[in-house]
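Worksheet for the structure shown next.
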Number of protein chains: 2
Amino acid sequence: MLSDVMEDYLKTIYQIQARSGPPVSTSAVADALEKTPPTVTSMLGNLEDRGLVTREKYKGAELTPEGETVALEILRHHRLLEAYLAEHLDYSWSEVHDEADALEHHISEEFERRVAEALDDPVVDPHGDPIPSADLAPLEDDEATPLTAHEVDDRVVVSRVSDRDRDELEYLADAGITPGTTLEVVDVAPFGMVTVRTGSDAEQSLPESVAEAIYVRPATDAAPAGGSTEVSDA
Amino acid sequence: MLSDVMEDYLKTIYQIQARSGPPVSTSAVADALEKTPPTVTSMLGNLEDRGLVTREKYKGAELTPEGETVALEILRHHRLLEAYLAEHLDYSWSEVHDEADALEHHISEEFERRVAEALDDPVVDPHGDPIPSADLAPLEDDEATPLTAHEVDDRVVVSRVSDRDRDELEYLADAGITPGTTLEVVDVAPFGMVTVRTGSDAEQSLPESVAEAIYVRPATDAAPAGGSTEVSDA
DNA sequence: ACGACGATTTAGACTAGCCAAAATTAATAA
DNA sequence: TTATTAATTTTGGCTAGTCTAAATCGTCGT
Ligand SMILES: [Mn+2]
Ligand SMILES: [Mn+2]
Ligand SMILES: [Mn+2]
Ligand SMILES: [Mn+2]
């Protein structure tokens, strides 16, 4: 029914909308998908005709509930695939994203079910991003804040890490920083470099670009430092 | 580089060529892919321009070595996926084909490697079809003959079963007839219906359309009746 | 209030893939 | 040998998705 291309537009609009709220500008979509603005304008027209987005000329687009459901469906596929690849095919968390991007449009609902079952209905992917439920109910907003917004002596737990940059993910994996890791902010230098203590010993200095990809929540008092994987409630 | 569509043409030409030999007619490809003859003529022109097939006008097409390599690559993906779905995601052999068709163009070489590894480099898929090796060396011809070509009292081992028709596969699964099963031909009726004994007790009558989808080889003397999965050499 | 500038849309064009109708060719039958 | 017929190719046209260049809009600074 919907082409791969349309699904990618809807997924992208959803993700921009989730970060910056509507309306989503033509150029933001063009940047994210590496297309030209006229191309995006044209496709937004198609999506509007199909009732998947609403649009105000020269302002931007916003997903309709139908459009959001499609976006959640693709996001569910993507994140289930990431989790499956990591869990059952020995992929590292820096490798899963591209493979999931290629497969997310092509798996059947049956495949989705069986993968979810093999993983026992996971609620987060390897980067800590929430996996939409099978009924595609809207995701609740994320309470996490970027590590760059924190101050010295803050104790925080890593909630999720942006999966956009493979190199950053490898860097963080080496540093032992993954979702669930407890961090203590040791220093915030000019230009946004953040130094954190992981566990009780190792210290890591993170360039701003890396630190702002790490989303964290306040550590609960009793939490020991280290890399557990549990996710607390909101 | 190559589109999904082109890959499907090459795979299809390979399979027709394997059964009937070159040249492969325009209409044979059109039938297999459910396209019109002009569409196929046009695409064969593209494939010829890319050096993947050779063509003689009004006669048909034949894969070049490069075209055959691409076809084997796709076939390897398809059959590895079928094997993986059956082995690790609990698909039945009647379900795997469509899912593999959808995914075969979209997996990475890394995914291919990991799936092959998870399966310990399998040599046949769930239907008994050979899986091309990682180096894509040409497959040797198949010695198996259709069950319809056999006579009463012949004892044979099922080598492979055409995976084209889901209903037939379910029928055969119920009848306990899978690759490796030893059969004894009990009766050949007019209109090609074949009755076989599986194991030492059950008898099954198979309509011609089903019987001609079953490819068999002579049973070695010591082989007991039943559903073992080993594959003998050529 | 107005002009400049950046963002957006419109206009026009291109490719891949597809089909229907018409023309052509090869094979077969008279 | 010639005529019929079936397969194939050619012709022309359609949609989806993309781009460049040109026109237009909205905003922001003066
Ligand atoms: Mn789904
Ligand atoms: Mn992810
Ligand atoms: Mn491959
Ligand atoms: Mn198969």
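These numbers come from the heavy atoms of this one structure, side chains and all, not from hydrogens, waters or symmetry mates. Letters A, B, ... mirror the listed sequences (proteins, then strands); counts begin at 1.
Between A/Arg79 and A/Glu104, no side-chain nitrogen of the basic residue sits less than 4.0 Å from a carboxylate oxygen of the acidic one, so the salt-bridge criterion is not met. Looking at A/Glu112 and A/Arg76, a side-chain N of the basic residue comes within less than 4.0 Å of a carboxylate O on the acidic one, giving a salt bridge. The residues B/Glu99 and A/Arg114 are annotated as not salt-bridged, no charged nitrogen and carboxylate oxygen being separated by less than 4.0 angstrom.
Using a 30° and 60° split on the angle between ring planes, B/His97 and B/His127 fall in the perpendicular class, above 60°. Below 30°, between 30° and 60°, or above 60°: for A/Tyr84 and B/Tyr84 the angle between ring planes is above 60°, a perpendicular geometry.
Taking the side-chain hydrogen bond (donor to acceptor under 3.5 Å, both in side chains) definition, one finds that A/Asp142 meets it with A/Arg160, sequence neighbours left out.
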Checking side chain to side chain donor-acceptor pair (under 3.5 Å) for the pair B/His78/B/Asp129: CA distance, chi angles, key distance, verdict?
CA-CA 11 Å; B/His78 182 97; B/Asp129 289 306; over 6 Å; no
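Read 5' to 3', the first and last nucleotides of DNA chain C with an atom closer than 4.0 Å to a heavy atom of chain B are C/dG17 to C/dA27.
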If a protein heavy atom is under 4.0 Å from the base, mark B; if only from the sugar-phosphate, S; if neither, -; do that for nucleotides 4-20 of chain D going 5' to 3'.
----BBB------SBBB
